[in-house]
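Here is the structure we will look at, set down as C-alpha cells.
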Amino acid sequence: MKSKMEIQSIIEELKRLYPDALCSLPYPKPYELLFAVRLAAQCTDERVNMVTPALYARYPTLEALAEADVSEVETYIHSTGFFRAKAKDIVAAAKMMVEQYDGKVPDTMEELLKLPGVGRKTANLILGDVYHKPGVVVADTHCIRITGRLGLTDGTKDPVKVEQQLRQVLPPEESNDFCHRMVLHGRAVCMARKPDCPNCTLRPWCSLFTQSQEA
DNA sequence: ATCCCGAGGG
DNA sequence: CCCTCTGGAT
C-alpha cells in the first residue's frame, strides 16, 4: 500500500511533468469527442485524429450522422480498425441521441452505457471531460498499466477494479486529470513494451522500478 | 509478435 | 472469466 504522502508526491510530480493534462482528442462538440473515443478502441489517438476531419466534414451534425449510410461511414473510418462495429455503433448512437436524448450527449453513467459502443471507458471520459464530474477514473490501457506498475492498484487488469482501487487513493478533484497524465506518461516514458525507467522521475515511488533494482 | 486512451457477447 | 472484432505501426 502507498502512503498518503507517496500518493501526493506522485500527483505533484505528474503535474510538474504534464502541467496541462490535455486530452489528445481535441473535439469541441461532445458527440464528436464521444465518437472519437469510440474510434480510439485498439487504435492510436493519432490515427483517430487523421480520419475524423473528413468524417465530421462529410457529416457536420449529429442529425447527419444519425441518417448516415453505415457502409459509407465505414470507408471514412476504415484505417482505425474494427470498422464495421464502430460504424454501426456511431450511426446507432447518433440516432439514439437524436431520438431519445434531445440531440445531446447524456450526462450520467447509466444513460451513456445505453448508447451502442459506449462502455465504461468512453462514459467516464465524457463524464470527466465534458461534464466535469468529480471522482471520475478513466481506466484505459495506459492508466491500468502504469498504476499497476506504480503499485497504486493490486495489478488487476479489470477496469472496474482499477476504477474502484484508484478512487480509494486519489482525491476526487484530481482523479480525472491524473488519468490524462497517465496517458501522456504512457506514451512518453512508461511504454508498454520498453518502459524508460532510467528517465522516469516517478521511480522513487514506483513498485516496478523498486522490484527491478532488488532483483 | 505485440501494442494502440475498448466494447460486446458467451 | 474468456473470446472476437480489425488495421497500422514497431
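A note on names: the letters A, B, ... follow the listed sequences, proteins ahead of strands, and every chain is numbered from 1.
Between B/dC4, B/dG6, C/dA9, one nucleotide has an atom nearer to the side chain of A/R47 than all others, and that is C/dA9. Comparing atom distances between the A/D45 side chain and each of B/dC5, C/dG7, B/dG6 picks out B/dC5 as nearest. Closest to the side chain of A/T122, from the set B/dC5, C/dG7, B/dA7, is B/dA7. Looking at the side chain of A/H78, the nearest of the listed nucleotides C/dG8, B/dG6, B/dC5 is C/dG8. Closest contact between the side chain of A/A41 and the listed nucleotides B/dC5, B/dG6, C/dT6 involves B/dG6. Nearest to the side-chain atoms of A/S79 among the listed nucleotides B/dA7, B/dC4, C/dG7 stands C/dG7. For A/K121, the side-chain atoms get nearest to B/dC5 when compared with the rest of C/dG8, B/dC5, C/dT6.
Taking atom NZ on A/K88 and atom P on B/dG9, their separation rounds to 8 Å, with Å as the unit. When rounded to the nearest whole Å, the span between CD1 of A/I146 and C1' of B/dC3 equals 14 Å. Rounded to an integer number of Å, the gap from CE of A/M50 to P of C/dG8 is 10 Å. Atoms NZ (A/K86) and P (B/dC4) sit 14 Å apart, rounded to a whole Å. One atom, NE2 of A/H185, and another, P of B/dC5, lie 15 Å apart when rounded to the nearest Å. Summarising the geometry, the separation between CD on A/Q42 and C1' on C/dA9 is reported as 14 Å, rounded to the nearest angstrom. Rounded to an integer number of Å, the gap from A/N176 CG to B/dC5 C1' is 12 Å. Rounded to a whole Å, the CG atom of A/L39 is 13 Å from the C1' atom of B/dA7.
Between C/dA9 and B/dA7, the two C1' atoms lie 23 Å apart (nearest whole Å). Rounded to the nearest Å, the gap between the P atom of C/dC3 and that of B/dC5 is 24 Å. Spacing between C/dC5 and B/dC3 at atom C1', rounded to whole Å, works out to 16 Å. A distance of about 16 Å separates the P atoms of B/dG10 and C/dT6, rounded to the whole Å.
Residue A/P116 is classed as a sugar-phosphate contact, given heavy-atom separations below 4.0 Å to backbone atoms only. In this structure, A/G81 reaches the bases: a heavy-atom distance under 4.0 Å links it to at least one base atom across the strands shown. Among the atoms of the strands shown, none is found under 4.0 Å from any heavy atom of A/R181. A/V118 comes within contact range of the sugar-phosphate backbone alone, with a heavy-atom separation under 4.0 Å but no base atom that close.
With hydrogens and angles left out, the side chain of A/R193 and the base of C/dT10 share a donor-acceptor pair within 3.5 Å. With hydrogens and angles ignored, a donor-acceptor pair closer than 3.5 Å exists between the side chain of A/H180 and the base of B/dC5.
The shortest distance between the side-chain N/O atoms of A/R187 and the OP1/OP2 oxygens of B/dC5 is below 4.0 Å. Checking the phosphate oxygens (OP1, OP2) of C/dT6, a side-chain nitrogen or oxygen of A/R84 falls inside 4.0 Å. Within the 4.0 Å cut-off from OP1 or OP2 of B/dC4, at least one side-chain nitrogen or oxygen of A/T141 is found.
Environment of NZ in A/K95: crowded, with over 12 heavy atoms of neighbouring residues, nucleotides or ligands closer than 6.0 Å.
Between the side chain of A/K161 and the main chain of A/T156, no donor-acceptor pair closer than 3.5 Å is present. Proximity of a side-chain donor or acceptor of A/N124 to a complementary backbone N or O of A/V136 within less than 3.5 Å is not detected.
Stacking of A/F82 onto the six-membered ring of C/dG7 is not present when judged by under 5.5 angstrom between centres and under 30° between planes.
The hydrophobic clustering, which links ILVMFWY residues whose side-chain heavy atoms are closer than 4.5 Å, places A/V160 and A/V37 apart.
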